[in-house]
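In what follows, every chain begins at residue 1, and chains take the letters A, B, ... in the order their sequences are listed.
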Protein chains: 2
Amino acid sequence: MLKTSIEMENAASVLKLMGDKTRLTMMKIMDKHDCCVCEFVEIFNMSQPSISQHLRKLRDLGLVKEERRGQWIFYSMNKKNMYYPFIQQILEHLPSQDDKLQKLEEQGTRISCC
Amino acid sequence: MLKTSIEMENAASVLKLMGDKTRLTMMKIMDKHDCCVCEFVEIFNMSQPSISQHLRKLRDLGLVKEERRGQWIFYSMNKKNMYYPFIQQILEHLPSQDDKLQKLEEQGTRISCC
DNA sequence: CTAATATATTCGTATATAAGTATATAGTTA
DNA sequence: TAACTATATACTTATATACGAATATATTAG
């Protein structure tokens, strides 16, 4: 059985982050796709600062990585983070959120397709 | 790959519960052992009402089961709960908390040994 | 170089959460 | 049956959290 070594305190911190539905969904999306702030703003119909704050929390723990492409900064899960294996096996059990990106594409607001 | 079907909203709720270090530790202990309130009070050096409130939150979601034995009510993880498989694979990755029960036994305050 | 766009940060607000004191309740024990 | 013990509940308080308006910052685009 593949086990990651993770302290209780760190585990609780990660789980608390994932215990917010918006962030959990973001993480599920970012596990497979790059996504930028303005796309999340559309997906969740939330304000840009709110989305930015959610990402900040993930960034503070090194859970996500950024890549600037032109005007946009794309976020994805940082698979090199020490907690990633722990996070991944949680995300694996969640339903796909790809439909949310699909919807963006249909509306012509998917940016990472360009 | 064994996957459980769990909705995002429910997953977030469960994860939020587990995002508290005290509750996470309690859940880890209860996954293998029965434990009563007064034992948790000793383990965590917290007030009885606090422990009781933590258990209440777990109980409200059906995550724990109770069993009265004399004066005491023993709690353990409810392995029949629909979310248990999801929870279990998270708990599996955490370090054992058995040493906490061990310490109780050494102090002579372990109740479920009697 | 300026204007525009994307994003981060600051700030304020409403709500949620964890902790403990006080009290009520549910049993068991004597 | 009354006394006692274990536990649940109610209440208060301090702190954390999520959200969005306003603003600052970092780039790119023209």
Side-chain angles (χ1 to χ4, degrees), chain A residues 8-9 12-27 30 34-76 104 108-114, chain B residues 8-9 12-27 30 34-76 104 108-114:
Chain A
M8 294 299 287
E9 195 154 328
S13 296
V14 167
L15 293 170
K16 177 174 284 194
L17 281 189
M18 296 177 89
D20 175 80
K21 192 181 163 206
T22 303
R23 275 201 298 278
L24 187 64
T25 308
M26 286 165 80
M27 290 169 85
M30 289 190 285
D34 292 358
C35 207
C36 68
V37 177
C38 57
E39 286 176 320
F40 280 135
V41 167
E42 288 255 356
I43 287 169
F44 294 104
N45 192 31
M46 284 174 70
S47 75
Q48 177 269 313
S50 293
I51 295 296
S52 201
Q53 290 286 5
H54 280 303
L55 285 167
R56 204 210 81 241
K57 290 186 174 205
L58 298 173
R59 204 167 51 231
D60 284 353
L61 230 70
L63 303 188
V64 291
K65 62 176 169 31
E66 323 173 8
E67 187 183 351
R68 182 174 276 278
R69 288 186 216 140
Q71 303 173 224
W72 297 279
I73 306 180
F74 286 92
Y75 289 85
S76 58
L104 275 199
T109 43
R110 182 85 217 267
I111 285 171
S112 55
C113 287
C114 313
Chain B
M8 294 299 288
E9 195 154 327
S13 295
V14 168
L15 293 170
K16 177 175 283 193
L17 281 189
M18 295 176 90
D20 176 79
K21 192 183 163 203
T22 304
R23 274 202 296 278
L24 186 64
T25 309
M26 285 165 79
M27 288 168 86
M30 289 190 286
D34 292 357
C35 209
C36 68
V37 178
C38 55
E39 286 175 319
F40 280 135
V41 167
E42 289 254 356
I43 287 169
F44 295 104
N45 192 30
M46 285 174 69
S47 74
Q48 177 267 315
S50 292
I51 295 296
S52 201
Q53 290 284 4
H54 280 304
L55 286 168
R56 204 211 82 241
K57 292 188 172 202
L58 298 172
R59 203 166 53 231
D60 284 352
L61 229 70
L63 304 187
V64 291
K65 61 175 159 65
E66 322 172 9
E67 189 184 348
R68 183 174 275 279
R69 290 185 215 141
Q71 301 173 226
W72 297 277
I73 308 179
F74 287 91
Y75 289 84
S76 57
L104 275 198
T109 43
R110 182 84 218 270
I111 285 170
S112 54
C113 285
C114 312

Please state how far atom [atom1] in [X] lies from atom [atom2] in [N], giving the value in whole angstrom units.
X	N	atom1	atom2	answer
B/E67	C/dA26	CD	P	20 Å
B/D34	D/dT7	CG	P	13 Å
B/Q71	C/dT29	CD	P	6 Å
A/F74	D/dT27	CZ	P	16 Å
B/W72	D/dC4	CH2	P	17 Å
A/I111	D/dT27	CD1	P	18 Å
A/R56	D/dT25	CZ	P	17 Å
A/I51	C/dA8	CD1	P	11 Å

Which one, [options], comes nearest to the side chain of [X]?
X	options	result
A/Q53	C/dT7, C/dT10, C/dA8	C/dT10
A/P49	D/dT7, D/dG20, C/dT21	D/dG20
A/R68	D/dG20, D/dT28, C/dT28	D/dT28
A/Y75	C/dA19, C/dA8, D/dT7	C/dA8
B/S52	D/dT9, C/dA8, C/dA18	D/dT9

Quiz item: Are B/R23 and C/dT17 close enough that a side-chain N or O sits under 4.0 Å from OP1 or OP2?
Solution: no
Self-check item: Phosphate-side-chain proximity, B/H54 and C/dA19, N/O vs OP1/OP2 below 4.0 Å
Solution: yes
Exercise. Decide if atom CD of A/E9 counts as having more than 12 heavy atoms of other residues, nucleotides or ligands within a radius under 6.0 Å.
Key: no
Quiz prompt | Side-chain donor-acceptor contact under 3.5 Å, A/T22 with A/T25 | solution = no
Exercise. Would you kindly compare A/S50 and A/K16 by the position of their nearest DNA chain C nucleotide and give the one closer to the 5′ end?
Key: A/S50
Quiz item: Is A/Q48 side chain donor-acceptor paired with the C/dA6 base, going by distance under 3.5 Å alone?
Solution: no
Self-check item: For A/I73 against A/C36, the heavy-atom pair lying closest together
Solution: O-CB, 3.2 Å
Quiz item: Under 4.0 angstrom, heavy atoms only, what part of the nucleic acid is B/R69 near: base, sugar-phosphate, or nothing?
Solution: nothing
Quiz item: Using a cut-off of 4.0 Å on non-hydrogen atoms, how would the nucleic acid contact of B/K57 be classed: base, sugar-phosphate, or nothing?
Solution: sugar-phosphate
Self-check item: Side-chain ion pair, B/R69 and B/D34, N-O less than 4.0 Å
Solution: yes
Exercise. Can you spot which of A/I51, A/V37, A/L104 makes a side-chain contact (heavy atoms from CB on, under 4.5 Å) with A/E42?
Key: A/L104
